[in-house]
Amino acid sequence: MITIEGVDAVTDTDFDTVVRGAELPVLVEFTADWCPPCRQLAPVLSAVAAEQAGRLKVVQLDVDTNPGITTRYGVLAMPTLLLFRDGEPVKSMVGARPKRRLLEELADVL
């Protein structure tokens, strides 16, 4: 899995505790080592995690090693970003995007 500074990894095992049990909104990146757009998105997610610390938690989930959660949310394309609030997915975005656009898409939740 692509390591992103300031972004923790979650797994099928701890997803419900870390993501669904979080007090803050959580942005989950469904990612894979073989995904070039996921690598493009890494510095964007690192910057967003740093800038929105205290308002938004950013985590990533490797789809190849965590098929349970990937299947549960019907994720078919990488990268998929799912935003969870109060334990439920409230927004889905597919594909890499620049930081400004990502922040615009998250504005109504933040």
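Note that the coordinates shown come from a computational prediction; the quantities given were computed from them, not determined experimentally. Residues: numbered from 1 along the sequence shown.
- Annotation for Leu81 and Arg97: closest pair CD1-CD, 4.1 Å, computed over non-hydrogen atoms.
- Cluster partners of Val63, using a side-chain heavy-atom cutoff of under 4.5 Å among ILVMFWY residues and allowing indirect links, are Val10, Phe15, Val18, Val19, Val26, Val28, Phe30, Trp34, Val59, Leu61, Ile69, Tyr73, Val75, Met78, Leu82, Phe84.
- Between Val94 and Ala77 the shortest heavy-atom distance is CG1-CB, 3.8 Å.
- Nearest heavy-atom pair across Leu83 and Pro25 is CD1-CB, 4.4 Å.
- Heavy-atom minimum distance, Ser92 versus Thr80: OG-CG2, 4.2 Å.
- Residues Thr31 and Leu41 form no side-chain contact, since every pair of their non-hydrogen atoms from C-beta on lies 4.5 Å or further apart.
- Applying the disulfide bond (SG atoms under 2.5 Å apart) test to residues at least two apart or on different chains, none of the pairs has a partner in residues 65-110.
- Counting only residues at least two apart or on different chains, the salt bridge (Lys or Arg N to Asp or Glu O under 4.0 Å) pairs with a member in residues 20-40 are Asp16-Arg20, Arg20-Glu88.
- For Thr11, the side-chain contact (heavy atoms from CB on, under 4.5 Å) partners at least two apart in sequence or on another chain are Thr13, Asp14, Asn66.
- Put simply, the side chain of Thr71 gets close to the backbone of Pro67: a donor and an acceptor are under 3.5 Å apart.
- Residues satisfying the salt bridge (Lys or Arg N to Asp or Glu O under 4.0 Å) criterion with Asp108, sequence neighbours excluded, are Lys91.
- Contacts classified as salt bridge (Lys or Arg N to Asp or Glu O under 4.0 Å) and involving residues 61-71 (residues at least two apart or in different chains) are not found.
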Taking only distance into account, with no hydrogens and no angle test, what donor-acceptor pairs under 3.5 Å do side-chain atoms of residues 49-58 form with protein atoms, sequence neighbours excluded?
| unit_1 | atom_1 | unit_2 | atom_2 | d |
| --- | --- | --- | --- | --- |
| Glu51 | OE2 | Lys99 | NZ | 2.5 |
| Gln52 | OE1 | Arg55 | NH1 | 3.1 |
| Arg55 | NH2 | Leu110 | O | 3.1 |

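- The stretch residues 3-75 participates, sequence neighbours left out, in these disulfide bond (SG atoms under 2.5 Å apart) pairs: Cys35-Cys38.
- For residues 76-110, no pair satisfies disulfide bond (SG atoms under 2.5 Å apart), with sequence neighbours left out.
- Pairs engaging residues 88-110 under the ring-ring contact (aromatic ring centres under 6.0 Å, His included) rule: none recorded [sequence neighbours left out].
- With sequence neighbours left out, Glu104 forms a side-chain contact (heavy atoms from CB on, under 4.5 Å) with Arg100.
- Taking the side-chain contact (heavy atoms from CB on, under 4.5 Å) definition, one finds that Gln40 meets it with Pro37, Ala96, sequence neighbours left out.
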